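Single-structure report; data block below.
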Amino acid sequence: MSEVYKGQVEEYKPCRVIEIYFDKDEEIEIGSLRLKGFGRDIWLMLDGRHTIGNIVDSLCLKLETANRSTIKSELLIVLRTLIAKKMIVADWDPLHKLHKSQEL
């Protein structure tokens, strides 16, 4: 993966496609999928306004870790899973969402 591509992914603004979910304070339930802790924090930031870079930074602060690369790797795993389940789009753009790449 080239450095340019890595930088571009950090600017992606992932967004939920599914807005029907149940938030029980510590766990989010989306159909049969349940997200706790790290997964829940990510889901709540998938609003099309936060970039992947913003999400990584927020998680690093919350988890009090400087290991940004590990957090980013884990985030991308979660995002790829949600994309495969068609629960989110990888890079939200209200005008061009169908024309942008939906892969990470």
Side-chain angles (χ1 to χ4, degrees):
M1 181 182 290
S2 72
E3 288 302 315
V4 173
Y5 182 69
K6 284 183 183 178
Q8 290 173 341
V9 168
E10 289 245 352
E11 297 304 314
Y12 278 20
K13 294 179 180 176
C15 187
R16 298 181 294 264
V17 175
I18 297 173
E19 287 296 332
I20 300 172
Y21 60 91
F22 184 63
D23 188 355
K24 301 190 228 175
D25 294 326
E26 293 182 19
E27 179 179 85
I28 287 181
E29 199 172 299
I30 312 154
S32 62
L33 181 66
R34 292 175 187 221
L35 301 172
K36 296 180 184 179
F38 188 73
R40 179 182 179 274
D41 294 338
I42 292 169
W43 181 261
L44 293 174
M45 288 187 272
L46 300 178
D47 57 8
R49 292 178 287 191
H50 294 89
T51 65
I52 288 177
N54 297 145
I55 296 169
V56 171
D57 293 341
S58 293
L59 292 171
C60 285
L61 285 173
K62 183 170 184 167
L63 299 172
E64 298 178 356
T65 181
N67 195 341
R68 193 173 193 284
S69 136
T70 300
I71 297 296
K72 182 178 174 184
S73 295
E74 294 294 323
L75 172 63
L76 292 177
I77 290 168
V78 172
L79 294 179
R80 287 183 184 119
T81 301
L82 294 173
I83 290 166
K85 293 180 177 283
K86 300 195 185 310
M87 299 176 107
I88 68 169
V89 292
D91 191 18
W92 173 255
D93 181 334
L95 299 176
H96 304 289
K97 72 176 183 174
L98 299 177
H99 303 290
K100 296 184 91 171
S101 171
Q102 294 308 312
E103 296 179 12
L104 296 176

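The shown structure was predicted, so the numbers you read here are calculated from the model rather than taken from an experiment. No hydrogens, no waters, no symmetry mates; every other heavy atom, side chains included, goes into these values.
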Quiz item: Side chains of L33 and Y21: does their closest heavy-atom pair fall under 4.5 Å?
Solution: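 No - every pair of side-chain heavy atoms lies 4.5 Å or more apart.
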Quiz prompt | Beyond-backbone contact of L59 with E74, side-chain heavy atoms, under 4.5 angstrom | solution = no
Quiz item: Of L76, I55, V56, which meets side chain to side chain contact (heavy atoms under 4.5 Å, CB included) against I71?
Solution: V56
Quiz item: With a 4.0 Å cut-off, would you call D93 and K13 a salt bridge?
Solution: no
Supply the atom-to-atom distance [X] [atom1] to [Y] [atom2], rounded to the nearest 0.5 angstrom.
X   : Y   : atom1 : atom2 : value
R34 : K24 : CZ    : NZ    : 5.0 Å
Q8  : E10 : CD    : CD    : 11.5 Å
L46 : D41 : CG    : CG    : 10.5 Å
C15 : D47 : SG    : CG    : 6.5 Å
Y12 : L79 : OH    : CG    : 11.5 Å
I83 : D91 : CD1   : CG    : 9.5 Å

Exercise. Mark yes or no for whether R40, through its side chain, and D23, through its backbone, hold a donor-acceptor pair below 3.5 Å.
Key: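 It does not hold such a pair.
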If you take all heavy atoms of [X] and [Y], which pair is closest and at what distance?
X   : Y   : result
N54 : R49 : OD1-O, 4.3 Å
S58 : M45 : CB-SD, 3.8 Å
R16 : I88 : CA-CG2, 3.9 Å

Practice problem: State whether the number of non-hydrogen atoms from other residues, nucleotides or ligands found under 6.0 Å of E64 atom CD is greater than 12. | Solution: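 Counting neighbours around CD of E64, 12 or fewer heavy atoms of other residues, nucleotides or ligands fall under 6.0 Å, so no.
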Quiz item: Do the side chains of L63 and I52 join up, straight or via other hydrophobic residues, at under 4.5 Å, putting them in one cluster?
Solution: yes
